[in-house]
Amino acid sequence: MEKVVRKIVKINEELCTGCGKCVTPCVEGAIEIVNGKAKVLREELCDGAGFCLAVCPTGALTIEERETVPFSHEAVEEVKAHREVEEIFCHFCGNSEYDKALFPIRYRGDSVWACAQCLPRLIHG
C-alpha cells in the first residue's frame, strides 16, 4: 500500500489511563481500548481531525504529521456499518447529540461534552 504524509492521532501510552473517553468521539472507529490503553488500530481510519484530543483527561493524545497509509472513506463506511455507536450527552442538561450540537470541553478538571444551549452559559456565566 502506498504511503503519504498526513496528520494522524498519536497516543502516548505512558499518559493513557485507558478511560475510553477518546473512543466515542472517533466516529471513524480508529481508536479502541486494547489491554487497558487507547490504540489507533487501523491508521487508514484516522482522519486526523482530532475530536478525540479535547476529551482526553490526561493529554495523552496529540496530532502528528508523518508518513502513513492514506485515509480511506471506504474503510470508514465498512467499520460504521458494523459498529455500535455510543450516544453522547451534554454533561449539564442531558441533551443528546441528536438534539443539539455537542462540543468537547474541559470543566473543573474533567473532560466533558457541552451542548450548544449550555455552552454560552459556561462562557458568560
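- Considering every non-hydrogen atom in both Phe92 and Cys118, the closest pair reads CB-SG, 3.9 Å.
- Among all heavy-atom pairs drawn from Ala114 and Ile105, the shortest one is CB-CD1, 3.7 Å.
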Give the C-alpha distance, both sets of side-chain angles, the deciding distance and a yes or no for side chain to side chain contact (heavy atoms under 4.5 Å, CB included) between Val9 and Cys52.
CA-CA 9 Å; Val9 171; Cys52 52; 3.7 Å; yes

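- Clustering ILVMFWY residues whenever any of their side-chain heavy atoms sit less than 4.5 angstrom apart, transitively, puts Leu119 in the very cluster that holds Val112.
- Residues Trp113 and Tyr107 do not share a hydrophobic cluster, defined by chaining ILVMFWY side chains whose heavy atoms lie under 4.5 Å apart.
- Ile33 and Gly18 get closest at one heavy-atom pair: CD1-O, 4.2 Å.
- Heavy atoms from other residues, nucleotides or ligands lying under 6.0 Å from CZ of Phe51 number 12 at most.
- With Glu97 contributing its side chain and Leu102 its backbone, the two residues share no donor-acceptor pair below 3.5 Å.
- The SG atom of Cys90 sits 8.0 Å away from atom CD of Gln117, with the distance rounded to the nearest 0.5 Å.
- The nearest pair of heavy atoms linking Leu15 to Gly59 is CD1-O, 3.8 Å.
- For Glu86, the CD atom counts as loosely surrounded, since its 6.0 Å shell holds 12 or fewer non-hydrogen atoms of other residues, nucleotides or ligands.
- Rounding to the nearest 0.5 Å gives a distance of 14.0 Å between NZ of Lys10 and CD of Glu65.
- By the rule that hydrophobic residues join a cluster once side-chain heavy atoms approach within less than 4.5 Å of another member, Val23 and Ile63 end up as members of one cluster.
- Cluster annotation: Ile8 and Phe71 are assigned to distinct hydrophobic clusters (Ile/Leu/Val/Met/Phe/Trp/Tyr, side-chain heavy-atom contacts under 4.5 Å, transitive).
- Taking every heavy atom of both residues into account, Arg6 and Glu43 meet most closely at NH2-O, 2.6 Å.
- Listed for the Lys21 side chain is no donor-acceptor partner under 3.5 Å among the backbone atoms of Pro57.
- Atom CD in Glu78 sits 15.0 Å away from atom NE2 in His73 (nearest 0.5 Å).
- Applying the side chain to side chain contact (heavy atoms under 4.5 Å, CB included) test between Cys22 and each of Leu53, Val40, Leu61 identifies Leu61 as the sole match.
- Ile11 and Leu41 are not part of a single hydrophobic cluster, where members link through side-chain heavy atoms under 4.5 Å apart.
- Counted within 6.0 Å of NZ on Lys39, heavy atoms from surrounding residues, nucleotides or ligands total more than 12; the atom is thus considered enclosed.
- No donor-acceptor pair under 3.5 Å is formed between the side chain of Ser72 and the backbone N or O of Glu44.
- Closest approach of Cys26 and Ile31 over heavy atoms only: SG-N, 3.8 Å.
- Under a 3.5 Å cut-off, the side chain of Lys37 and the backbone N or O of Glu13 do form a donor-acceptor pair.
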